[in-house]
*Asks:* 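Before anything else, here's the structure in question.
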Amino acid sequence: MSAHQETYDVVVAGGGAGGVGAAIGAAQAGARVVLIEKYGFLGGAATNAQVLAYCGFFQHGNAPIKAVAGAGDQVLGEMRKLNIDCEPYHSPTTGNWIILLDPERLKIALDQILAAHKIDVMLHTRVAAAERTGRAIEHLTVAGMDGQFSIQGGGFVDATGDANLALVSDVPMRLGDGEARLQAFSMPIRVGGVAPETTIDRAKMCASIELFNRRSPFRINRTDGGIYTRVPSSGDLWWLVIDREMPDLSWKSFTHAEQSARQMALYLVDALRESVPGFENAWLAQTGPQIGVRETRHPAARFEIPRTDVVGGVWRDDGVARGAWPIELHSEAGKPTYEHIGGRGFYHVPLAALQSETLDNLFYAGRVIGADPHAYGSTRVMGTALATGEAAGVAAALTAQKGIGPDADAVREVLIATGALI
């Protein structure tokens with residue numbers, strides 16, 4: 001290993017929504033911050049898996065009521081500068097409010113917002129190992145194009161989605177729902193060449209799926225035609241309809257899911273060309289770079305948000321973020337189920353759900369926060385990840401400053417001062 005070493009107050013692993021929120025939160029709390037990302041761009045599932053919608057910014061209902069502000073609002077503001085209107089879009093399929101994304105503009109917006117906060121970003125870099133002393137991480141070994149080197153920090157945030165930082169730090173964790181069952185993965189696709197005047201008929205989209213299912217060895221189970229819309233600033237169609245079962249996290253299962261989903265995407269567009277007016281000259285513009293991953297590992301947290309908190313819309317004195325997306329489970333590929341939030345339409349994410357059970361200076365953001373198998377169907381979405389990330393980043397910064405973990409009141413004070421909704 002290289003003798004080279006960098007020192008930061010807060011080290012964030014993962015550059016998706018949770019990691020971006022964490023880096024902004026930590027920087028606003030006065031920390032010197034580095035963000036480590038394995039891809040050559042930020043954005044997580046929005047840019048690496050074509051999930052072109054921020055979910056969780058608004059409560060479910062007839063009107064869009066905000067549940068996320070703070071760092072999330074800063075990201076939306078940066079996108080607006082690049083001519084993405086970021087207006088709430090009411091999905092006709094689910095009735096949920098989402099924000100439609102242009103992935104290329106989002107990449108640039110995230111670069112710019114982190115640069116504005118003077119956050120160091122290490123792309124094409126992975127966390128390879130962690131050195132622990134008792135209940136604290138001392139430093140990480142990271143691997144990049146220039147080899148391996150060490151990063152020392154006072155507070156750490158795992159925003160990798162797959163709990164990679166927690167994994168190399170020997171934090172106990174469960175796989176999937178605790179009985180090794182994983183939610184289905186999805187391959188959203190982008191379809192180009194759609195005639196500009198085309199009005200998309202859902203019944204005809206369903207007919208194209210039926211044609212595909214008659215021909216393909218792989219089946220699409222979404223009987224409602226899936227979720228689709230136009231990509232902002234583009235005539236392309238974004239379509240979320242291809243799902244794959246994941247029996248485990250082995251390389252064989254990942255390889256099969258990726259390869260079969262790509263094949264399905266290509267032949268599905270063939271069926272579109274044959275059966276849907278306006279798609280005669282359509283082509284498969286893009287998949288990936290990877291399949292959309294909903295669930296892998298869950299590291300042990302000091303608190304797991306229970307389903308009862310979500311469906312009851314429970315408020316907590318130690319809440320540091322709001323969750324507003326319904327429980328959306330994909331236990332069977334292509335057959336999502338929804339359970340809506342009660343009370344005032346949102347529930348609180350407590351600080352303890354962001355804290356590692358075994359390490360005092362490790363915090364969680366995004367998909368890896370503490371939640372039971374049902375509540376996880378709500379907490380995992382990107383809008384909520386920006387909020388939990390911001391809170392985790394603040395907590396990590398306060399830990400680096402004081403040498404001990406903060407209480408919820410201290411985190412809430414910083415969040416409220418910087419415009420977060422709690």
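The first residue of the sequence shown is numbered 1, and numbering continues consecutively from there. Bear in mind the structure is a predicted one, so any value in this text is a computation, not a measurement.
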*Asks:* Show the numbers, then the answer: is there a side-chain contact (heavy atoms from CB on, under 4.5 Å) between Y347 and T379?
*Replies:* CA-CA 10 Å; Y347 60 93; T379 61; 3.3 Å; yes
*Asks:* Drop me the distance from R132's CZ to I137's CD1, to the nearest 0.5 angstrom.
*Replies:*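 Nearest 0.5 Å value for the CZ-CD1 distance: 7.5 Å.
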*Asks:* So among I84, L106, V51, which one has a side chain to side chain contact (heavy atoms under 4.5 Å, CB included) with L101?
*Replies:*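 Of the listed options, the one satisfying the test is L106.
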*Asks:* Just do the side chain to side chain donor-acceptor pair (under 3.5 Å) check on Q5 and Q152 with the steps written out, would you?
*Replies:* CA-CA 7 Å; Q5 178 170 295; Q152 189 168 5; 2.9 Å; yes
*Asks:* Indicate yes or no: at least one non-hydrogen side-chain atom of K107 is less than 4.5 angstrom from one of L110.
*Replies:*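 Not in contact.
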*Asks:* Under 3.5 Å, which donor-acceptor pairs do the side chains of residues 117-130 form with other protein atoms, sequence neighbours left out?
*Replies:*
from: H117; atom 1: NE2; to: Q74; atom 2: OE1; distance (Å): 2.8
from: D120; atom 1: OD2; to: Y8; atom 2: OH; distance (Å): 2.6
from: T125; atom 1: OG1; to: L123; atom 2: O; distance (Å): 2.8

*Asks:* Find out whether F41 and N48 are in side-chain contact, i.e. whether some heavy atom of one side chain is under 4.5 Å from a heavy atom of the other.
*Replies:*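 SC-SC contact between F41 and N48 confirmed.
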*Asks:* With no hydrogens and no angle check, do the side chains of Q286 and Q50 hold a donor and an acceptor under 3.5 Å apart?
*Replies:*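 Indeed, the side chains of Q286 and Q50 share at least one donor-acceptor pair under 3.5 Å.
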*Asks:* Working to the nearest 0.5 angstrom, can you tell me the gap between F254 CZ and M246 CE?
*Replies:*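 Taking CZ in F254 and CE in M246, the distance rounds to 4.0 Å.
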*Asks:* As an exercise, state the distance from CD of E295 to CZ of R181, rounded to the nearest 0.5 Å.
*Replies:*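 So the gap between those two atoms works out to 10.5 Å.
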*Asks:* Checking P247 now: which residues fulfil side chain to side chain contact (heavy atoms under 4.5 Å, CB included) with it, not counting sequence neighbours?
*Replies:*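 Listed in chain order: S253.
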*Asks:* Has the side chain of T255 got a donor or acceptor atom that lies under 3.5 Å from a matching backbone atom of K252?
*Replies:*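 No; zero donor-acceptor contacts below 3.5 Å.
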*Asks:* For a quick check under 3.5 Å, do E332 and H330 share a side-chain donor-acceptor pair by atom type?
*Replies:*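 No - no donor-acceptor pair under 3.5 Å links their side chains.
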*Asks:* At their closest point, which heavy atom of A22 faces which heavy atom of V157, and how far apart are they?
*Replies:*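 Between these two residues, the closest heavy atoms are CB-CG1, 3.8 Å.
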*Asks:* Taking 4.0 angstrom as the limit, do R367 and D162 come out as a salt bridge?
*Replies:*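 Salt bridge flag = yes for D162 with R367.
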*Asks:* Where the side chain of E78 meets the backbone of A109, is there a donor-acceptor pair that is under 3.5 Å apart?
*Replies:*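 The answer is no, because no donor-acceptor pair under 3.5 Å joins these two groups.
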*Asks:* What closest approach, in Å, do G389 and A365 show between heavy atoms, and which atom pair accounts for it?
*Replies:*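 Closest heavy-atom pair between G389 and A365: CA-CB, 3.5 Å.
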*Asks:* Any heavy-atom pair between the side chains of V142 and Q148 that's under 4.5 Å?
*Replies:*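 No, every pair of side-chain atoms sits at 4.5 Å or beyond.
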*Asks:* Considering all heavy atoms of both residues, which atom of D146 and which atom of F149 are nearest to each other, and what is their separation?
*Replies:*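 Heavy atoms of D146 and F149 come nearest at OD1-CE2, 4.1 Å.
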*Asks:* Locate the shortest heavy-atom distance separating V75 from V20; write the atom from each residue and the value.
*Replies:*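 What the structure gives for the nearest pair is CG2-CG1, 4.1 Å.
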*Asks:* List the residues meeting side chain to side chain contact (heavy atoms under 4.5 Å, CB included) with R302, not counting sequence neighbours, and say none if there are none.
*Replies:*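 Listed in chain order: R135, A352, Q355, D360.
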*Asks:* Can you list everything that forms a side chain to side chain donor-acceptor pair (under 3.5 Å) with D9? Sequence neighbours excluded, please.
*Replies:*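 Once residues adjacent in sequence are excluded, D9 has no partner under the side chain to side chain donor-acceptor pair (under 3.5 Å) criterion.
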*Asks:* Are R174 and E304 ion-paired here, with the side-chain N under 4.0 Å from a carboxylate O?
*Replies:*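 Result for this pair is yes, salt bridge flagged.
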*Asks:* From E357 CD over to L362 CG, what is the distance, rounded to the nearest 0.5 angstrom?
*Replies:*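 E357 CD to L362 CG: 12.0 Å, rounded to 0.5 Å.
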*Asks:* Between T384 and F57, does a side-chain contact (heavy atoms from CB on, under 4.5 Å) hold up when you go through it step by step?
*Replies:* CA-CA 7 Å; T384 309; F57 265 85; over 6 Å; no
*Asks:* Determine all donor-acceptor pairs shorter than 3.5 Å in which one atom belongs to a side chain in residues 222-235; sequence neighbours excluded.
*Replies:*
from: R222; atom 1: NE; to: D243; atom 2: OD2; distance (Å): 2.8
from: R222; atom 1: NH2; to: D243; atom 2: OD1; distance (Å): 3.1
from: D224; atom 1: OD1; to: G226; atom 2: N; distance (Å): 2.9
from: R230; atom 1: NH1; to: G235; atom 2: O; distance (Å): 2.6
from: R230; atom 1: NH2; to: T198; atom 2: O; distance (Å): 3.3
from: S233; atom 1: OG; to: D102; atom 2: OD2; distance (Å): 2.6
from: S233; atom 1: OG; to: R105; atom 2: NH1; distance (Å): 3.3
from: S234; atom 1: OG; to: D236; atom 2: N; distance (Å): 2.8

*Asks:* Tell me, do K66 and D73 make a side-chain contact under 4.5 Å, heavy atoms counted?
*Replies:*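 Yes. Closest side-chain heavy atoms under 4.5 Å.
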*Asks:* If the condition is side chain to side chain contact (heavy atoms under 4.5 Å, CB included), which residues does P299 pass it with, not counting sequence neighbours?
*Replies:*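 Applying side chain to side chain contact (heavy atoms under 4.5 Å, CB included) to P299 gives A163, A166, V171, M173, Y364, V368.
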*Asks:* Flag the pair I189 / V191 as yes when at least one side-chain heavy-atom distance between them is below 4.5 Å, and no otherwise.
*Replies:*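 Of all side-chain heavy-atom pairs linking V191 with I189, at least one is under 4.5 Å.
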*Asks:* Of all heavy-atom pairs between I291 and S186, which one has the smallest distance, and what is that distance?
*Replies:*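 The pair with the smallest heavy-atom distance is CG1-O, 3.3 Å.
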*Asks:* Does a side chain donor of either R202 or T93 reach within less than 3.5 Å of an acceptor in the other side chain?
*Replies:*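 Indeed, the side chains of R202 and T93 share at least one donor-acceptor pair under 3.5 Å.
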*Asks:* Indicate the atoms forming the closest heavy-atom contact of I24 with A71, along with that distance.
*Replies:*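 What the structure gives for the nearest pair is CG2-CB, 3.9 Å.
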*Asks:* Any donor and acceptor pair, going by atom type alone, linking the side chain of T399 with main-chain N or O of G403 inside 3.5 Å?
*Replies:*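 The answer is no, because no donor-acceptor pair under 3.5 Å joins these two groups.
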*Asks:* Could you tell me the separation between the CD1 atom of I151 and the NE2 atom of H139, rounded to the nearest 0.5 Å?
*Replies:*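 Reported value, rounded in 0.5 Å steps: 11.5 Å.
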*Asks:* For V34, which of L140, V11, V10, T7 qualifies under side chain to side chain contact (heavy atoms under 4.5 Å, CB included)?
*Replies:*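 Exactly one pass, corresponding to V11.
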*Asks:* Taking the inter-plane angle between the rings of H348 and W315 on a 0 to 90° scale, is it parallel (under 30°), tilted (30 to 60°) or perpendicular (over 60°)?
*Replies:*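 Tilted.
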*Asks:* Check whether any side-chain heavy atom of F156 sits under 4.5 Å from a side-chain heavy atom of L359, and report yes or no.
*Replies:*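 Not touching, per the 4.5 Å side-chain cut-off.
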*Asks:* For R244, is there an ion pair with E258 - N to carboxylate O distance below 4.0 angstrom?
*Replies:*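 The answer is no: the pair does not qualify as a salt bridge.
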*Asks:* For the residue pair I108 and L82, establish whether any side-chain heavy-atom pair is separated by less than 4.5 Å.
*Replies:*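 Yes, at least one pair of side-chain atoms sits under 4.5 Å.
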*Asks:* Does the R316 side chain pair with the main chain of P350, one donor and one acceptor, at a distance under 3.5 Å?
*Replies:*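 Between the backbone of P350 and the side chain of R316 there is no qualifying donor-acceptor contact (under 3.5 Å).
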*Asks:* Do the side chains of W325 and I98 get nearer than 4.5 Å, heavy atoms only?
*Replies:*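 I98 reaches W325 side chain to side chain.
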*Asks:* Distance only, no hydrogens: is a donor on one side chain within 3.5 Å (strictly under) of an acceptor on the other, for Y376 and E328?
*Replies:*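 Result is no, nothing qualifies.
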*Asks:* Does atom CD (E413) have a neighbourhood of more than 12 heavy atoms from anything else shown, all under 6.0 Å?
*Replies:*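 Counting other residues, nucleotides and ligands, CD of E413 stays at 12 neighbours or fewer.
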